[in-house]
Amino acid sequence: MAEIIWQREAPGLDPAVHAKVSAFLGKLREDDTAPGLHIEKINGADPLIRTGRVNQQWRALLVRVQGTDGPPHYIYLGTYNHDEAIALAKTHRVEINQTNGVAELIKASLQGTPPQRKTQAKPAAKPKPDDISTASWSRLEVQGITVEDLVGLGMRRSFAEAAFATTDDDGLQELADTVDGLWQGYAMLDLAFGASLDAVRERYSLDWTPSAGARTEDDLLKALRHPAARLEFAFLETDEDFQAAIEARDFGAWRTFLHPEQRDYATRRRSGSFRVTGGAGTGKTVVLLHRARHLARQNPDARIVLTTYNTTLADSLRDNLLLLDSTVQIAPDLGTSGVYVAGVDAIARRVLASTNALGLPLRDAVQTVLGPRGTNILGMTGDETWVRAAKSAPTGALPEGLLTPAFLEAEYATSVLPHRVLDARGYARVPRRGRGVALNRAERNDLWTVVEGYRSFASLGGTTSFEEKAAVAAAALELGASRGGKQVADHVLVDEAQDLSPSRLLLLRALVAPGPDDLFLAEDAQQRIYGQKVVLAHYGIKISGRSRRLTLNYRTTAENLAFALRVLDGGDFEDLDGDITEKAGYRSARRGPTPELIEASGKLDEYARAATRLKRWIDDGDTPDELGVLVRSTRDVDTLLESIRSFGVPVQAVANRERPPAAKVALMTMHRAKGMEFRRVIMLGMAAGARPSSAALPEADQADAMQRQRSLIYVAATRARDELVVMWSGRRSSLVPSVKGEPPS
Ligand SMILES: Nc1ncnc2c1ncn2[C@@H]1O[C@H](COP(=O)(O)OP(=O)(O)OP(=O)(O)O)[C@@H](O)[C@H]1O
């Protein structure tokens, strides 16, 4: 039995050869001495280099590493036709970096010839980091880094010097893409975009000291397992790992090659609740999926809950978890072994529907949260109930703005339910932290009569809202545990945590007993498009000191990312810990075209232009399901669909609970697009005044609603991997930032 180590840049092959390589590697894993494999040394090559015979024409390029104990390991470097494989065998080798002990693939033909760039005469004043792409200073220099700093970390001097001679972002990226030792490119870009030397040393574990003396194959195996080496080398220890690597194409790298920080967050034991933050596309969901698999592999009996704020996203988490590892056990029900994947409201419903089986005191929980009423609570309270309650209550003290369903719902979700307020006296004392609008005693009294009306209408109908279901389920679990019952989960993993309301957070908190590895949350405050700002600690989730930020964007090109980040300008973003979220340091690993802004002459022109663009992309080779059309509201969707179809483009509108169609362009609202990604995206309807009903909110809440609008557009713009087109007719929204080359407005 041999073990395969996959090298990230091993080139992909056309399907016919791919199947043969897969069979070859399968045989190699079973028995590397099988004569048919022709594993051979090559004269003039590094002693560890081998080639293997895939078939008459093709040879696999390998590095054989045999530790003192254990099976032989083969690093797979790709499959080439016979002559090319022999030539590459003489130039390639895997070495241990003598400064930090990281294994690196060295392609000798490229050695000593890093792309050389001309240093231009420098301007007198040092530019700020943000102005750098137009100045002739190296970003590194502006950050106060020296060539010696880079060399001290273990980077090759020729590479460090070339990085200092490079004054534009494209050049830096190109340099990072071509350097031997993938970590060197990543770390150099991190520094150029503002990370400190200490942060980079820690991020890539560069303080390891390699063992002195001659390189042994044991040392090499150790160096291949170094966290920074695992950016480019993956040990395929199980059949599932092997299968995932073999199948991984373009966007499958997330399954095999984690950034060292992602690996750390996915696997390290935590003494309590942990939070990973990061901008859109920085790989938070990927961390969560790997962590779910890791926990399930570590303890097959563990009851793991993987959740997010709605069912659509939960479905996609389940699909991707199974794509990562088809053998992960999906738990059939809450409280059973394996990974239970569901939206948070579905979890609340499940708890409430199974209180008998779980031994939870439903009656007491209902009384604790809603006061005296029956346990018939599974029906859904309609949105109009707030309007009815407001109309039938004496509300003389309240201004109009405080009687809108939006305000009442927000007040109820934030100030009433999580504090389990049952009467006017309780409501008068409630802290109302984070609510924009101050309320005097008379206003509170009147508001409470509206809440009482709302509750009695719902009680009569035997209904509750989603918020109430979550609050009652949380209380049932808490009461159950306080009376000696057992929690229903051992680990709870949460995606898109920024969109969860207090009651939902209380529910997740109550699913698992406080302790090591209890809750793990992925969140991005900049993507909060629902609900109010919340602070985790207020709901029993203590993460102080256990929060980390991801900054490398894997999804979006630098151009789209810069555009999306500019949408956020004009607002600070508070995260779930009450801190202002930093935008600094976010960067992308990919480049692409500048987002295109198109002003149409009217709605129909906008639709026709969108349709023409989709047609062109498909004619140029895109498959329809790589393309997304995002709209702000579902008004006029039928006209838009018709227009797109009239150009012969297959398209389907995707409603909230539906999965995107295969082989068709997906048309959906920006809200629905959360968590998704497409190769190319068209955002439509970006005219001024197209904002939703925030005008119905009191002034203080309008600011928060505006923030959510910015976030929504940020979310939409970051769904595009390669290309983004933004359209409007009429006056352009002030939320659409300008792009490079556009005349100032
Ligand atoms: N280590 C990795 N190697 C390659 N691709 C990666 C890696 N990590 C993440 N990706 C890819 O980057 C994209 C974004 O990842 P992911 O969805 O996890 O980000 P996110 O932070 O959850 O984004 P969002 O907040 O926008 O939903 C995906 O296409 C994912 O496959």
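All values derive from a computational prediction rather than experimental measurement. Heads up: numbering here begins at 1 and tracks the sequence. One-based numbering, in listed order, for ligands and for the atoms of each.
At a heavy-atom distance under 4.0 Å, no atom of Arg263 approaches ligand 1. No part of His290 comes within 4.0 Å of ligand 1, judged by heavy-atom distances. When non-hydrogen atoms are compared, ligand 1 lies under 4.0 Å from the side chain of Gln262 (C-beta onward) but not from its backbone.
Residue contacts with ligand 1 do not include Gly278, since none of its heavy atoms lies under 4.0 Å from the ligand.
Residues Phe563 and Leu724 have side chains in contact (heavy-atom distance under 4.5 Å, counting atoms from C-beta outward).
Of the N or O atoms in Ala280, none lie within a sub-3.5 Å distance of an N or O in ligand 1. At under 3.5 Å, not a single nitrogen or oxygen of Leu258, backbone or side chain, sits near a nitrogen or oxygen of ligand 1. For the pair Gly675 and ligand 1, the shortest N or O to N or O distance does not fall below 3.5 Å.
Of all the atoms in ligand 1, the ones that sit under 4.0 Å from a non-hydrogen atom of Gly283 are 9 (C), 15 (O), 16 (P), 18 (O), 19 (O), 20 (P), 21 (O). Of all atoms in ligand 1, numbered sequentially from 1 with element shown, those under 4.0 Å from a heavy atom of Gly279 are 21 (O). Near Glu496, with a cut-off below 4.0 Å to any heavy atom, the atoms of ligand 1 are 27 (O). Of all atoms in ligand 1, numbered sequentially from 1 with element shown, those under 4.0 Å from a heavy atom of Phe257 are 1 (N), 2 (C), 3 (N).
Between Glu261, Lys674, Arg555, Lys284, it is Arg555 that holds the heavy atom closest to atom 27 (O) of ligand 1. With Gln527, Arg255, Arg8 as candidates, the residue nearest to atom 25 (O) of ligand 1 on a non-hydrogen basis is Gln527.
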